[in-house]
2 protein chains.
Amino acid sequence: MEEQKIKNMEEFSAVSGISRPTISKYFNDPSSVRRSTRERIEEAIARYGYRPNLFAINQNRKFTKNIGIIVPHIVDPFYAEIVRQIETRCIEAGYWAIVLGSHGDAERELSAIEMLYSLRIAGAIIAPLGDTSVSDRIRRLAADIPTVIFDNHMNGDEIFVGTDNFQSVGLMVDYLCRSGEPPCFLDMPAVNTNARERREAYVRAMEEQGFQPHVIPAESAGWDFEELGYNAGLRLLPAHQLPTNTVLCANDRMAIGLIAAAFEKGLRVGRGAATALRVAGHDDHPMARFTAPALTTVAQDYVSIAENSVSTLFGMIENGVRPASPLRRLEGKLILRASA
Amino acid sequence: MEEQKIKNMEEFSAVSGISRPTISKYFNDPSSVRRSTRERIEEAIARYGYRPNLFAINQNRKFTKNIGIIVPHIVDPFYAEIVRQIETRCIEAGYWAIVLGSHGDAERELSAIEMLYSLRIAGAIIAPLGDTSVSDRIRRLAADIPTVIFDNHMNGDEIFVGTDNFQSVGLMVDYLCRSGEPPCFLDMPAVNTNARERREAYVRAMEEQGFQPHVIPAESAGWDFEELGYNAGLRLLPAHQLPTNTVLCANDRMAIGLIAAAFEKGLRVGRGAATALRVAGHDDHPMARFTAPALTTVAQDYVSIAENSVSTLFGMIENGVRPASPLRRLEGKLILRASA
DNA sequence: CTATAAATTTTTCGCGCGTAAAAATATTGA
DNA sequence: TCAATATTTTTACGCGCGAAAAATTTATAG
């Protein structure tokens with residue numbers, strides 16, 4: 001790389017011997033220029049290390065190459081992993097993925113949406129918090145700009161990609177009933193539609209099997225699921241207040257907390273003869289393999305969720321094609337480990 | 001909010017009755033305009049919901065209000081948490097935090113740095129991967145733009161904020177030796193300076209206490225620490241190949257894996273009489289409270305790291321003040337839980 | 001009420017690039 | 001070789017805003 005630093009496209013045009021508009025065309029779509037020209041440009045890029053100014057690019061373009069992504073918590077490995085997948089795919093397609101977190105706060109989610117507007121994004125991929133007032137705002141966004149919702153359905157006609165909770169929870173309930181005592185359900189706080197759906201799915205599946213459902217309601221709100229599961233365990237386990245000794249948790253993070261509490265209280269978790277408790281989760285959280293014992297759960301298909309979201313979105317952006325069905329419900333997969 | 005949507009500052013100037021440059025001044029610093037003017041502007045904002053175009057703003061500003069953040073893995077809760085802290089502080093100070101992940105790949109780290117250039121950032125906060133070729137590039141960045149390095153020291157004279165591994169590891173070694181058998185050290189892959197420093201710190205601390213250090217080298221490379229710890233456990237525990245029954249892990253994620261392996265092999269972890277193994281970690285990873293048993297570790301002060309990084313950076317950006325000492329080493333705090 | 005400083009407005013320019021249209025040039029195929 | 005087509009160059013304009021300088025208004029003091 002030469003010492004001389006290129007300030008703008010004008011200068012780069014000079015040193016590369018190609019006219020500025022052609023260079024502009026190249027950066028918009030390398031395949032739009034003749035091969036010999038492309039090679040000369042790429043040679044010059046390698047030599048001088050020039051990259052167009054991102055702000056100037058987007059300033060005047062009819063449609064930007066920016067994709068906005070909003071998730072409730074980047075800290076949550078579930079979202080982190082999906083974001084990573086989405087990000088990689090966007091970069092490959094020549095888009096810039098701008099990731100915004102709402103940190104569980106509806107206010108911040110709203111301001112993230114405003115931010116997307118001022119970024120003049122080409123499309124958005126959003127996992128909504130679930131606050132109904134924000135949902136309206138998101139729907140308006142979706143009316144203006146190609147938008148895919150994932151993870152948490154908003155109960156409208158928006159484009160959605162997510163796990164079929166009725167299928168996935170049904171699968172787990174079925175397995176637990178077949179292999180032992182029917183489960184009770186440790187509910188998560190009602191932070192979103194998934195919470196409600198999974199509870200309903202549990203109740204429905206139990207009734208279908210001819211068993212009495214038992215839902216243990218969440219004691220407090222918020223997103224600190226491990227803590228909630230842990231506290232529920234400390235509260236319920238020693239007093240033998242669980243309706244049954246098989247617990248299906250609304251998500252893995254709660255299960256992780258519950259298992260920690262069980263361990264602390266000297267209760268053996270697992271499906272063997274000498275165990276006191278079976279615990280199952282939902283999601284196949286990255287940490288689920290490393291609980292003690294390893295967590296039996298239903299895997300959400302991270303890769304498919306990311307893939308579907310991105311390809312659906314690109315279809316809408318580049319070809320203006322709305323998917324045939326707005327809903328894409330992916331199947332969960334039973335992951336049998338030692339905890340249940 | 002009125003129906004009429006404002007397209008640009010010109011139009012907003014018209015409807016609000018304030019000249020465009022004054023409005024520009026307001027958005028750059030609300031306190032720079034007269035109070036009565038400010039109130040009129042804010043009233044109009046509430047009415048029309050106008051926000052300046054982000055690309056146009058940064059297009060022509062001498063110094064942008066963008067802070068670039070690069071971390072090895074956003075998926076890692078340690079980085080995720082620090083990023084969250086930094087992000088919040090940036091927003092409060094009127095900056096936009098642009099978070100880029102290198103995903104453990106030096107290539108992507110390099111391209112993230114180039115991205116920061118084209119974003120014309122005012123400053124950068126970077127946790128480097130540790131690749132030496134990229135380190136040079138980061139140093140050049142730091143020469144051009146105010147930059148704070150955190151977590152992983154690059155052994156140069158760059159501005160750095162991170163935990164004092166010699167202090168923190170020393171603390172833990174000291175505790176373990178006082179409370180029982182001296183520990184061996186389960187090393188992490190040499191992905192960065194922390195890996196080397198912690199091992200050295202362990203060796204030095206053991207020697208100071210007059211004990212023979214035992215380092216168990218990492219078997220493979222990469223960032224999948226839980227997996228590495230787990231595999232090490234499966235390999236070493238059944239064969240009784242551990243030099244001692246107290247294991248200090250280079251980080252919590254490895255400890256989490258090791259504890260999972262111990263559980264699977266039926267070995268009780270903890271500091272009681274009936275236990276087979278003591279396990280300690282380093283970092284106070286968000287999950288450390290929920291292992292079975294809960295993990296004894298040394299806490300890195302997330303909040304201080306974020307706070308120091310940001311305030312140091314803002315000092316450099318806004319007042320051009322380099323900190324008196326380029327190195328800021330924060331103390332770790334011993335967190336006693338049940339595992340050791 | 002006047003002088004002066006401070007705040008604000010007006011005017012004007014330019015950032016780096018996208019984009020459009022017309023002109024010039026290169027490539028292709030017969 | 002020559003027209004037909006593809007590509008590049010030339011020329012020119014505009015995006016939405018920051019910034020600097022000059023003109024004007026407003027606030028503060030005397």
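Only heavy atoms go into these numbers, but all of them, side chains included; no hydrogens, no water, no symmetry mates. Naming convention: chains lettered A, B, ... in sequence-line order (proteins, then strands); numbering from 1 in each chain.
Between the side chains of B/Asn8 and B/Tyr50, no donor N or O sits under 3.5 Å from an acceptor N or O. Residues A/Glu42 and A/Tyr26 bring a donor and an acceptor atom of their side chains to less than 3.5 Å of each other. Checking A/Asn194 against A/Asp151 by side-chain atom types alone, a donor-acceptor pair falls below 3.5 Å. Counting only N and O atoms by type, the side chains of B/Ser118 and A/Asn53 include no donor and acceptor under 3.5 Å apart. Under 3.5 Å, the side chains of B/Ser19 and B/Thr22 contain a donor-acceptor pair of N or O atoms.
Considering only residues two or more places apart in sequence or on other chains, B/Ile149 meets the side-chain contact (heavy atoms from CB on, under 4.5 Å) condition with B/Ile126, B/Pro128, B/Ile138, B/Thr147, B/Met154, B/Glu158, B/Phe160. Shown here are the ring-ring contact (aromatic ring centres under 6.0 Å, His included) partners of B/Trp96, two or more places apart in sequence or in another chain: there are none. Every residue was checked against the side-chain contact (heavy atoms from CB on, under 4.5 Å) condition with A/Ser311, not counting sequence neighbours, and none meets it.
The aromatic rings of B/Phe12 and B/Tyr48 lie perpendicular to each other, with more than 60° between the two planes, well past the 30° mark. Classification of the A/Tyr79-A/Phe150 ring pair by plane angle, with boundaries at 30° and 60°, yields perpendicular.
Other residues, nucleotides and ligands contribute over 12 non-hydrogen atoms within 6.0 Å of the CG atom of A/Asn319.
Computed from coordinates, the A/Met9 CE to C/dC17 P distance equals 5 Å when rounded to whole Å. The interatomic distance linking B/Gln59 (CD) with C/dC13 (P) rounds to 18 Å, in whole Å. One interatomic measurement links the two molecules: CD of A/Glu10 to C1' of C/dC17, which rounds to 10 Å at whole-angstrom precision.
Residue A/Tyr50 places at least one side-chain N or O closer than 4.0 Å to OP1 or OP2 of C/dC17. For C/dG16, the OP1/OP2 oxygens have no side-chain nitrogen or oxygen of A/Asn53 closer than 4.0 Å.
Contacts between residues 18-26 of chain A and DNA chain D, counted as heavy-atom distances below 4.0 Å, involve A/Ile18, A/Ser19, A/Arg20, A/Pro21, A/Thr22. Contacts of residues 32-40 of chain A with DNA chain C (heavy atom under 4.0 Å): A/Arg34.
For DNA chain D, the outermost nucleotides in 5' to 3' order that have an atom under 4.0 Å from a heavy atom of chain B are D/dG16 to D/dT26.
Note on B/Asn28: only backbone sugar-phosphate atoms sit closer than 4.0 angstrom, heavy atoms only; bases stay farther off.
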